[in-house]
There are 2 protein chains.
Amino acid sequence: MKLSANEEYGLRCLVRIGYAGEGGSLTIPEMSQAEGVSPAYAAKILRVLRKGGFVKAARGKDGGYTLARPAEAIVIGDVMDALGGRIFESSFCDSHSGQAAICTRSVDCSVRSLWRAVQVAVDQVLSKATLRDLLQNEEEMNTWVRTIPGARGLHVIQ
Amino acid sequence: MKLSANEEYGLRCLVRIGYAGEGGSLTIPEMSQAEGVSPAYAAKILRVLRKGGFVKAARGKDGGYTLARPAEAIVIGDVMDALGGRIFESSFCDSHSGQAAICTRSVDCSVRSLWRAVQVAVDQVLSKATLRDLLQNEEEMNTWVRTIPGARGLHVIQ
DNA sequence: AGTAATCTTGACTATAAAGTATAGATTGGC
DNA sequence: GCCAATCTATACTTTATAGTCAAGATTACT
């Protein structure tokens, strides 16, 4: 359960572009240098963000990348999906039913329930957080996820 | 942010061994067949679990794997760590300070805060769940994580 | 029109993760 | 002692991810 390099650098580049503000833009060489990766690799990542509809590119002189939509309309979970996925339910979960000798059904249920619990926990954070939230300061971050008194399970204020 | 094959199969094998009960044991061929993976691969995974201290192996005829400790003393988070890690804070987070031209500090803070929030959310589930919880039924799973009225942030009942 | 700065694309290489193969060591039963 | 069933260890192959390279297309400016 690791972050991929795509996810790490992709989000970092997106946040940078966000910080550039309304209409502000950043070029590949700028992001490449700031993140300490090669221009070619930065370009590869930016392509994913562009195809995902999060940024748009302007070619030619004075070109660069800008946000394709307002920061508050960019959900971090969607960005993560585009960059490599929030996949917890691995493929094998649904196969191998009824062939095993020992407790197969229970094992499937047990493990799947766990993954589901983790998935829910992660989604609480990623699906509710927007790029705008990340551009605000660190203090804000702690208010994303908090409890609703009397409720069961994890909850996040919208 | 995907589950690795090690995490998936490792946990599944551990749960199987847990289902075998006190003193019950499972062999590599049994688990291999039940999970639909090769015996060699099952052996590789089981080695990780053994070196992590979660299971112990008996060689020779009538050998196999059993839990090294009671199921309630096996924390799933520790198992995941051994199998491949709960690593969200990627290495690059701490490098590249002060070299970039644009907003470096803020980007680091923003992204790191997000990863921390996700990490916390995941830890709430994984650090509190024991193998015993997984061996109980699915219904139990939903009570692991719940809110503490009036509190801020994520909380989990002990 | 020419030039420099920029993004675009696809193919390529390198590294890490997944999965296999083989030879060896231990144990229990005959 | 021998054999079959089991785990152990290491090296190998395959596949996916990470990262590079080179040629091309677009734009602004003069």
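Each chain gets a letter, A, B and so on, in the order its sequence line appears, and its residues count up from 1.
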Query raised in the report: Roughly, in whole Å, what's the span from OH in Y9(B) to C1' in dA18(C)?
Result: 10 Å
Query raised in the report: For R50(B) and dT8(D), what is the distance between atoms CZ and C1' respectively, to the nearest whole Å?
Result: 7 Å
Query raised in the report: Toward the 5' end of DNA chain C, which comes first, R47(A) or G63(A), by nearest nucleotide?
Result: G63(A)
Query raised in the report: Hey, are K128(A) and D123(A) close enough for a salt bridge, meaning a charged N less than 4.0 Å from a carboxylate O?
Result: no
**Report entry** Spacing between N6(A) atom CG and dA16(C) atom P, to the nearest angstrom
**Finding:** 16 Å
Query raised in the report: By a strict heavy-atom criterion of less than 4.0 Å, which residues belonging to residues 37-45 of chain B are in contact with DNA chain C?
Result: S38(B), A40(B), Y41(B), K44(B)
Query raised in the report: Can you tell me if E7(A) uses its side chain to pair, donor with acceptor, with the backbone of M1(B) under 3.5 Å?
Result: yes
Report summary line: Those residues at least two apart in sequence (or on a different chain) that pass salt bridge (Lys or Arg N to Asp or Glu O under 4.0 Å) with R47(A) are none
Report task. Let me know the distance between CG of L83(B) and C1' of dA18(C), rounded to the nearest Å. Result -> 14 Å
Requested in this report: Decide whether L134(B) and V75(B) are clustered together by the hydrophobic rule: side chain heavy atoms of Ile, Leu, Val, Met, Phe, Trp, Tyr closer than 4.5 Å, transitively.
Outcome: no
Requested in this report: Find the distance K51(A):NZ to dG10(C):C1' and express it as a whole number of Å.
Outcome: 11 Å
Report task. Would you kindly give the CE-to-C1' distance between M31(A) and dT6(C), to the nearest whole Å? Result -> 11 Å
Quiz: residues 51-68 of chain A side-chain donor-acceptor pairs under 3.5 angstrom, not counting sequence neighbours:
none

Report summary line: Rounded to whole Å, the CE-P distance (M1(B) to dT17(D)) equals 16 Å
Query - Same apolar cluster: I74(B) and V48(B), side chain cutoff 4.5 Å - result: yes
Requested in this report: Starting from P on dA18(D), measure out to NZ on K2(A) and report it in whole angstrom.
Outcome: 11 Å
Query raised in the report: Taking only residues two or more places apart in sequence, or in another chain, which ones meet T27(B) in a side-chain hydrogen bond (donor to acceptor under 3.5 Å, both in side chains)?
Result: E30(B)
Query - Test side-chain hydrogen bond (donor to acceptor under 3.5 Å, both in side chains) applied to R132(A) - qualifying residues, sequence neighbours left out - result: E72(A)
Requested in this report: Would you please say whether a donor-acceptor pair under 3.5 Å links the side chains of Y41(A) and S32(A)?
Outcome: no
Please list each protein N or O that sits under 3.5 Å from an N or O in nucleotides 26-30 of chain D, with the distance.
residue: dT26(D); atom: O4'; partner: R59(A); partner atom: NH1; Å: 2.9
residue: dT26(D); atom: O2; partner: G60(A); partner atom: N; Å: 3.4
residue: dT27(D); atom: O2; partner: K61(A); partner atom: N; Å: 3.1

